[in-house]
Amino acid sequence: MIVLPESVTPNEIYRLLTACVIPRPIAWVTTLAEDGTINAAPFSFFNAVSSDPPIVMISVERRMGEPKDTARNIHTSREFVVNIVNEQLAEKMNTTAGNYPRTTSEIELAGLSLLPGVKLRTPRIGESPISLECSVLQWTELGKGPTDLIFGEVLSFHIRDDVFAGGKMNFKELKAIGRLAGNTYCRTTD
């Protein structure tokens, strides 16, 4: 089968692309709105792109041409925190994926706690085994949506002691999950 992008709708391309590029890591991003609301939303268009300095990227597709709260907050504050999702947090992460009004805190809806950052004002999710405090390094708009492609320099790594000991990551304790197509996920322990 050959699929030419111009022969299908953007929605069909999205479904095809997310089914081909699997598994994808999940960035559970916390941001700080101008009114002080803490936003949390998951993004599976996420990855590490450099180690010197440490840089990650997230891709935030727009909704009907308008930036999502995450992108809007990052644009204003110039900072964000990437929280890693493990098996125990999967349901709470899904709760935060909803389309809520700007003033709604997904943190409260999901029953999560917050911990302060070391370098940023934006807090991290207390239950997450790993959190990366990031400062915006570069912002690019791509595509017809457009999509906001955000590169962040990692200023601080927060890693739970049972997950990182003796200079090594304990993946059996981390139990991170990855995104597959649609609403399906995989366990990194499989």
Side-chain angles (χ1 to χ4, degrees), residues 11 14-15 17-18 21-49 55-117 120-137 139-143 145-152 154 158 176-185:
N11 189 44
Y14 173 82
R15 289 195 325 253
L17 188 61
T18 59
V21 181
I22 59 171
R24 294 183 310 281
I26 302 166
W28 199 7
V29 179
T30 49
T31 58
L32 179 63
E34 286 184 290
D35 68 359
T37 302
I38 305 301
N39 177 270
F43 297 92
S44 64
F45 284 15
F46 155 68
N47 222 313
V49 294
I55 299 169
V56 296
M57 75 84 191
I58 60 169
S59 177
V60 184
E61 292 194 354
R62 293 193 179 181
R63 187 175 285 125
M64 294 184 286
E66 292 296 315
K68 291 182 180 177
D69 294 343
T70 297
R72 185 179 291 108
N73 294 345
I74 293 172
H75 191 268
T76 302
S77 70
R78 309 302 292 173
E79 63 184 50
F80 59 99
V81 177
V82 171
N83 303 276
I84 301 302
V85 182
N86 63 11
E87 294 174 26
Q88 295 86 352
L89 296 172
E91 282 188 44
K92 291 181 184 238
M93 179 269 301
N94 271 325
T95 298
T96 66
N99 186 12
Y100 303 107
R102 257 184 223 145
T103 55
T104 300
S105 172
E106 293 85 355
I107 295 291
E108 291 176 22
L109 287 175
L112 295 163
S113 65
L114 294 170
L115 293 173
L120 306 177
R121 294 179 314 128
T122 302
R124 55 197 169 98
I125 295 172
E127 292 80 3
S128 180
I130 299 174
S131 298
L132 313 173
E133 291 185 67
C134 302
S135 175
V136 173
L137 186 67
W139 188 297
T140 303
E141 291 181 6
L142 297 172
T147 294
D148 295 299
L149 181 61
I150 305 160
F151 294 89
V154 179
H158 299 267
I177 62 170
R179 182 82 187 265
L180 299 172
N183 291 324
T184 57
Y185 298 87

task = For the pair V85 and Y185, evaluate side-chain contact (heavy atoms from CB on, under 4.5 Å) and give the outcome as yes or no after the intermediate values.
result = CA-CA 11 Å; V85 182; Y185 298 87; over 6 Å; no
inquiry  = Between D148 and H75, does the side-chain contact (heavy atoms from CB on, under 4.5 Å) criterion hold? Intermediate values first, please.
reply    = CA-CA 10 Å; D148 295 299; H75 191 268; over 6 Å; no
request  = Go through the steps for R62 and E141 under the test salt bridge (Lys or Arg N to Asp or Glu O under 4.0 Å), then give the verdict.
outcome  = CA-CA 10 Å; R62 293 193 179 181; E141 291 181 6; 3.0 Å; yes
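Put simply, the side chain of P129 reaches to within 4.5 Å of the side chain of L89, judged on heavy atoms.
Between the side chain of R24 and the main chain of T18, a donor-acceptor pair closer than 3.5 Å is present. Without hydrogens or angle criteria, R179 side chain to G182 main chain gives a donor-acceptor distance under 3.5 Å. Judged by distance alone, the side chain of E133 and the main-chain N or O of L120 form a donor-acceptor pair under 3.5 Å. A donor-acceptor pair under 3.5 Å is absent between the side-chain atoms of T96 and the main chain of E106, judged by distance alone. Looking at E79, its side chain does come within 3.5 Å of a backbone N or O of T122 through a donor-acceptor pair.
F45 and Y14 have tilted rings, their planes meeting at an angle from 30° to 60° on a 0 to 90° scale.
Each of T70, V82, V81, L112 was checked for a side-chain contact (heavy atoms from CB on, under 4.5 Å) with T30, and the lone residue meeting it is V81.
From E87, atom CD reaches atom CD1 of I177 across 8.0 Å, with rounding to the nearest 0.5 Å. Atoms NZ and CG, on K92 and L109 in that order, are 11.5 Å from each other to the nearest 0.5 Å. Atom CD1 of I84 sits about 9.0 Å away from atom CD1 of I26, to the nearest 0.5 Å. Note that CZ of F80 is 9.0 Å distant from CG of L132, once rounded to the nearest 0.5 Å. In this structure, OG1 on T37 lies 8.5 Å from CG on N39, to the nearest 0.5 angstrom. One finds the CG atom of N47 at 12.5 Å from the CD1 atom of I58 (value rounded to the nearest 0.5 Å).
Atom CZ of R102 sits in a sparse spot, with 12 or fewer heavy atoms from other residues, nucleotides or ligands closer than 6.0 Å. Enclosure of atom CG in N183 is not indicated, since only 12 or fewer non-hydrogen atoms of other residues, nucleotides or ligands lie within 6.0 angstrom.
In terms of heavy atoms, S131 sits closest to N83 at OG-OD1, 2.7 Å. What you find for C134 and V56 is that their closest heavy atoms are SG-CG2, 3.8 Å. Pairing each heavy atom of F43 with each of V60, the nearest pair is CE2-CG1, 3.6 Å. Heavy atoms only, all atoms of each residue included: S113 and E127 are closest at OG-OE2, 2.9 Å. Between S77 and R121, the closest heavy-atom pair is CB-NH2, 4.5 Å. Closest of all the heavy-atom pairs between P25 and F46 is CG-O, 3.3 Å.
Judged as a salt bridge (Lys or Arg N to Asp or Glu O under 4.0 Å), and not counting sequence neighbours, E108 has no contacts. Under the rule for a side chain to side chain donor-acceptor pair (under 3.5 Å), S128 has no partner lying at least two apart in sequence or in another chain. Take N73 and apply the side chain to side chain donor-acceptor pair (under 3.5 Å) test, not counting sequence neighbours, and it matches T31.
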